[in-house]
Number of protein chains: 2
Amino acid sequence: MKKITVSKGAVLQRKGDINSNVFIVEDGLLRSYTIDDKGKEHIYMFGPENWFVADNCEPNTPGELFIDAIEDSILKVYSKEELLKESPDINALLRRLNTMQTRILMLMSSSAKERYEHFIKTYPNITQRVPLKMIASYLGVTPEALSRVRHELSQRE
Amino acid sequence: MKKITVSKGAVLQRKGDINSNVFIVEDGLLRSYTIDDKGKEHIYMFGPENWFVADNCEPNTPGELFIDAIEDSILKVYSKEELLKESPDINALLRRLNTMQTRILMLMSSSAKERYEHFIKTYPNITQRVPLKMIASYLGVTPEALSRVRHELSQRE
DNA sequence: TTCCTTTCTTGATGTACATCAATGCACAAG
DNA sequence: CTTGTGCATTGATGTACATCAAGAAAGGAA
């Protein structure tokens, strides 16, 4: 762990960086965000005092998020490895957080069709095991809308 | 930890229960979901083999989610206290998961206005510290839309 | 101060998805 | 077999929000 001071506007991490730092905000304000394919910014979270901010990607895989300082800030910086040493159970939780992160970014930036395509890639087996209306409910759309998406996708072949 | 077998349709937890179990799915399929004020169901997650399913509420506060079995399932059941004993750091992560959970449910079930109202309740200070467009980006709406929501709310007094 | 940049607001129009309603299919129970 | 009940599909219509465009207000740097 080391403590650093950054000024407003400082960039702590870029999307695509292989970088597994966890920031704990002592004072100031961070934000983490992504930029989608249309160039639009989506803020994933704000990090005010006493929050921790991190891109919850697996260690040693490229990150999804940008992290920067909205105000002058004082931060404690941990490496993820450092935290994992303390307790390996944390690994499962981190993976779970990652799933949630992806889900939030999907809900904010993707259309029903894109969300469905992502879903069948991520959970190919589940698609066969549950009724369509449950998948719709998971994706945040109505069964009618999902049915039309499905129809559209099957046409396109 | 104990191991249990449940059959399709079994309800493991209801919204409002004070119940801090964590289920690890050995075989079968669980789902967790909420029901909003309009009576609409929103699936928070599916729990296939090797997933863990839990309502990430603080221990000893009422849960947000229903959890039930979509297929006959074999589960390992842990109490949250049991996990916390292993490593107190997990607490911070659980709190974080809870924030994510709330966020996902908001994105799936609430209008822009409701999301904004929830935001200013949860982060009253941040509202003053960041430009509106960032809040819009966090909420998943355009600055224009948020501006109109704000206008509407200020009228109503 | 003036200029420049960024933020916020307001209006007009477009669109993805919701809602409502009807029909067709399964599969389960009698 | 027949009847019922829940699920999926399709069409017609409604609406919340996005997009596009223009102007007003609010700092920041010279």
Side-chain angles (χ1 to χ4, degrees), chain A residues 7-9 29 31 33 35-43 46 68-72 104-120 126-157, chain B residues 7-9 29 31 33 35-43 46 68-72 104-120 126-157:
Chain A
S7 40
K8 181 174 171 169
L29 183 59
R31 75 171 167 162
Y33 63 101
I35 296 181
D36 68 23
D37 8 314
K38 285 149 226 136
K40 196 165 172 184
E41 228 177 82
H42 301 275
I43 294 188
F46 292 110
D68 63 18
I70 296 181
E71 302 174 353
D72 294 348
I104 289 172
L105 296 176
M106 293 297 295
L107 284 169
M108 288 207 296
S109 68
S110 303
S111 66
K113 196 202 296 186
E114 291 166 323
R115 298 211 290 275
Y116 180 63
E117 290 176 316
H118 180 262
F119 179 83
I120 56 184
I126 292 191
T127 314
Q128 329 303 325
R129 290 159 73 184
V130 303
L132 172 143
K133 56 174 280 198
M134 284 195 189
I135 298 176
S137 167
Y138 178 87
L139 296 176
V141 298
T142 57
E144 293 95 326
L146 182 55
S147 173
R148 284 182 247 257
V149 163
R150 254 247 225 100
H151 179 77
E152 202 188 326
L153 287 176
S154 68
Q155 294 302 86
R156 259 205 350 218
E157 261 156 27
Chain B
S7 39
K8 181 173 170 168
L29 183 60
R31 77 171 165 160
Y33 63 99
I35 297 182
D36 68 23
D37 8 313
K38 287 149 224 137
K40 197 165 169 185
E41 226 175 83
H42 300 274
I43 293 187
F46 292 109
D68 64 17
I70 297 180
E71 302 174 353
D72 294 348
I104 289 172
L105 296 176
M106 292 296 296
L107 285 170
M108 288 206 296
S109 68
S110 303
S111 67
K113 197 202 299 189
E114 292 166 324
R115 298 210 290 275
Y116 180 63
E117 291 176 316
H118 180 263
F119 178 82
I120 55 183
I126 293 191
T127 314
Q128 329 304 326
R129 290 159 72 184
V130 304
L132 172 145
K133 56 174 282 200
M134 284 194 189
I135 297 176
S137 166
Y138 179 88
L139 296 176
V141 298
T142 57
E144 292 94 324
L146 182 55
S147 174
R148 284 183 247 258
V149 162
R150 253 246 224 101
H151 179 77
E152 203 188 326
L153 288 176
S154 68
Q155 293 303 85
R156 259 204 352 216
E157 263 156 26

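Quantities reported herein were computed from a predicted structural model and do not represent experimental measurements.
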Rounded to the nearest angstrom, tell me the gap between atom OH in Y116(A) and atom C1' in dC17(C). 17 Å
Protein-nucleotide distance (E41(B), atom CD; dG6(D), atom P), rounded to Å: 13 Å
Nucleotide nearest E144(B) (side chain, heavy atoms from C-beta), chosen from dT9(D), dC20(D), dC17(C): dC20(D)
Whole-Å gap separating P (dC27(C)) and NZ (K8(B)): 12 Å
Min side-chain heavy-atom separation F46(B)-I70(B) under 4.5 Å: yes
Nucleotide dT10(C), atom C1' - distance to CZ of R150(B) in whole Å: 14 Å
Just by distance, do the side chain of S137(A) and the backbone of I43(B) share a donor-acceptor pair under 3.5 Å? yes
Rounded off to whole Å, could you give me the CG-to-C1' distance for the L139(B) and dA16(D) pair? 15 Å
Atom-pair distance (CD on Q128(B); P on dC8(C)), nearest Å: 12 Å
Compare side-chain N and O positions of T142(B) against OP1 and OP2 of dA18(D) and report whether any pair is under 4.0 Å apart. yes
At less than 4.0 Å, is any side-chain N or O atom of R148(A) found next to OP1 or OP2 of dT10(D)? Yes or no. no
Using atom CE of M108(B) as one end and atom P of dC17(C) as the other, report the distance to the nearest whole Å. 16 Å
Return the 5'-most residue of the pair K38(A), P131(A) with respect to DNA chain D, ranking by each residue's nearest nucleotide. P131(A)
Using side chain to side chain contact (heavy atoms under 4.5 Å, CB included), reason through K8(A) and E71(A) one step at a time and then give a plain yes or no. CA-CA 4 Å; K8(A) 181 174 171 169; E71(A) 302 174 353; 5.6 Å; no
Side chains of Y116(A) and T127(A), heavy atoms from C-beta outward: is any pair under 4.5 Å? yes
Contact check, side chains of R150(B) and K113(B), non-hydrogen atoms, under 4.5 Å: no
For I70(A) and dT7(C), give me the distance from atom CD1 to atom P, rounded to whole Å. 12 Å
What's the closest nucleotide to the H151(B) side chain, out of dC17(C), dT10(C), dA8(D)? dT10(C)
I want to confirm an ordering. Mapping L146(A) and R115(B) to their closest nucleotides on DNA chain D, which one lands closer to the 5' end? L146(A)
Nucleotide nearest K40(B) (side chain, heavy atoms from C-beta), chosen from dT9(C), dA18(D), dT19(C): dT19(C)
